[in-house]
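Accompanying notes for the structure given below.
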Amino acid sequence: MNKIAVFPGSFDPFTIGHESIVKRALPMFDKIVIMVGYNVNKKSFFSLENRVKWINQVFQNEKRIEVIVHEGLTVDFCKEAGARYILRGLRTSSDFEYERAIAQVNKKMHPEIETVFLLTLPEHTPVSATIIRDIVFHGGDASMFLPENIDLKDFKPDSDKQP
Ligand code: ADP
């Protein structure tokens, strides 16, 4: 049976931290589905279209990685996709507490699905999408925190967008 993992997130935007987690997890699975969460009630900074396009650019040569958009619970998507693993990254103890609760509730409700955690590389610990949004919003250069194929230099956020 194929080992499929779902890596869910808002990826607003996809960072070197996210990229590293996916690359390191790839040898453990047959396929990784990067699930870009879509929530009608939650405003993102970058458009859904751009977020998906950028992730596809990063993994354009990797056939075992797929990018999809899903509105709703990750576990529901896992069932649809035949995935038995949820992949998440951990940076800090606050990440851990947040992730622990979600993973334990998911496990209680869907015992067949395991959440797998990878610890971030030390140099990626301070990298967060929130900080990148702030840099971009104020016209700074965030390229050192973004995968090589993502170029935000000429990106102009809508004036009504808040990081
Ligand atoms: P969410 O909106 O669900 O928190 P994110 O897009 O912020 O999703 O992150 C998706 C996953 O990637 C989460 O498990 C998060 O902890 C992890 N992650 C985010 N930044 C990093 C990083 N710098 N290093 C490792 N993992 C990270």
Side-chain angles (χ1 to χ4, degrees), residues 1-56 58-59 62-135 142 145-147 150 161-163:
M1 196 175 9
N2 271 353
K3 273 192 181 169
I4 304 173
V6 172
F7 184 44
S10 35
F11 307 119
D12 189 24
F14 197 80
T15 71
I16 47 170
H18 297 131
E19 179 188 28
S20 163
I21 295 290
V22 172
K23 284 186 169 169
R24 288 166 57 209
L26 203 52
M28 296 160 51
F29 302 102
D30 297 308
K31 180 176 168 185
I32 295 181
V33 183
I34 301 175
M35 190 197 105
V36 184
Y38 172 68
N39 185 339
V40 269
N41 299 313
K42 213 175 137 190
K43 251 191 157 181
S44 65
F45 183 70
F46 296 105
S47 72
L48 187 62
E49 194 187 30
N50 275 331
R51 284 181 281 152
V52 169
K53 181 184 80 182
W54 289 327
I55 304 171
N56 273 317
V58 174
F59 298 113
E62 185 47 75
K63 288 189 185 65
R64 293 192 296 128
I65 295 176
E66 193 185 326
V67 185
I68 65 103
V69 173
H70 179 74
E71 184 182 4
L73 295 176
T74 302
V75 283
D76 289 340
F77 175 73
C78 286
K79 293 200 161 166
E80 249 173 61
R84 283 182 297 131
Y85 304 92
I86 295 173
L87 174 65
R88 297 288 283 177
L90 292 177
R91 287 165 293 186
T92 58
S93 53
S94 61
D95 269 359
F96 172 77
E97 282 305 327
Y98 173 74
E99 298 289 345
R100 180 191 55 76
I102 297 173
Q104 287 176 333
V105 168
N106 278 341
K107 183 72 181 159
K108 187 86 187 156
M109 292 168 64
H110 304 274
E112 72 285 7
I113 298 175
E114 290 289 356
T115 305
V116 176
F117 298 101
L118 287 186
L119 282 181
T120 186
L121 297 180
E123 62 269 32
H124 292 158
T125 308
V127 177
S128 76
T130 310
I131 292 176
I132 292 177
R133 292 197 294 273
D134 218 32
I135 295 172
F145 307 116
L146 296 166
I150 302 184
K161 287 276 166 76
Q162 290 295 316

TODO: Give a yes or no on whether a salt bridge exists between K79 and E112, defined as a side-chain N under 4.0 angstrom from a carboxylate O.
DONE: yes
TODO: Locate the shortest heavy-atom distance separating L48 from G37; write the atom from each residue and the value.
DONE: CD1-O, 4.5 Å
Open item on the list: Testing the basics here: between L121 and S20, what is the closest heavy-atom pair and its distance to 0.1 Å?
Closed with: CD1-OG, 3.7 Å
Task: Residue of the set K3, R84, K107 for which salt bridge (Lys or Arg N to Asp or Glu O under 4.0 Å) holds with E114 - done: K107
TODO: Would you indicate whether the side-chain heavy atoms of H110 and C78 approach each other to under 4.5 Å?
DONE: no
Task: OH-CD1 distance between Y85 and I32, expressed to the nearest 0.5 angstrom - done: 12.5 Å
Open item on the list: Could you measure the distance from the CD atom of E62 to the CG atom of L26? Nearest 0.5 Å is fine.
Closed with: 4.5 Å
- [ ] Kindly assign one of parallel, tilted or perpendicular to the pair F77 and H70, based on the angle between their ring planes and the thresholds 30° and 60°.
- [x] tilted
Task: Presence of salt bridge, K53 and E49, under 4.0 angstrom - done: no
Task: Of F14, F46, F11, the residue whose pairing with W54 passes ring pair (Phe, Tyr, Trp, His ring centres under 6.0 Å) - done: F46
Task: Least distance between heavy atoms, I21 atom then G89 atom - done: CD1-CA, 3.9 Å
Open item on the list: The criterion is salt bridge (charged side-chain N to carboxylate O under 4.0 Å, His left out); which residues satisfy it with R100, sequence neighbours excluded?
Closed with: E97
- [ ] Kindly indicate whether the side chain of I131, heavy atoms from C-beta on, has any atom under 4.5 Å from the side chain of I135.
- [x] yes
TODO: Check D12 against R133 and note the closest heavy-atom contact, atom names and distance.
DONE: O-NH1, 2.8 Å
Open item on the list: In the structure I gave you, are the side-chain heavy atoms of M35 and T74 within less than 4.5 Å of one another anywhere?
Closed with: yes
Task: Enclosure of K23 NZ (heavy-atom neighbours >12, cutoff 6.0 Å) - done: no
Task: Closest approach of R51 to S44 (non-hydrogen atoms, all atoms of both residues) - done: NH2-OG, 3.1 Å
- [ ] For residues M109 and V75, determine if any side-chain heavy atom of one lies less than 4.5 Å from a side-chain heavy atom of the other.
- [x] no
Task: Donor-acceptor pair, side chain of T92 and main chain of D95, under 3.5 angstrom - done: yes
TODO: Report the distance from atom CZ of R88 to atom OG1 of T115, rounding to the nearest 0.5 Å.
DONE: 9.0 Å
TODO: Ignoring hydrogens and angles, tell me if any N or O in the side chain of R64 forms a donor-acceptor pair with the backbone of F29 under 3.5 Å.
DONE: yes
TODO: Just jot down the ring-ring contact (aromatic ring centres under 6.0 Å, His included) partners of H124, sequence neighbours excluded, or say none.
DONE: none
Open item on the list: Can you confirm whether P13 sits close enough to I132 that some side-chain heavy atom of one is under 4.5 Å from a side-chain heavy atom of the other?
Closed with: yes
Task: Side chains of T15 and I150 in contact at under 4.5 Å (non-hydrogen atoms) - done: no
TODO: Drop me the distance from I16's CD1 to L146's CG, to the nearest 0.5 angstrom.
DONE: 8.0 Å
Task: Heavy-atom closest contact (S10 atom, V36 atom, distance) - done: O-CG1, 4.1 Å
Open item on the list: If you define the side chain from C-beta out and look only at heavy atoms, does anything of F59 sit under 4.5 Å from V67?
Closed with: no
Open item on the list: In the structure I gave you, are the side-chain heavy atoms of I113 and N106 within less than 4.5 Å of one another anywhere?
Closed with: no
- [ ] Please list, chain by chain and in numerical order, all residues satisfying salt bridge (charged side-chain N to carboxylate O under 4.0 Å, His left out) with E80, sequence neighbours excluded.
- [x] none
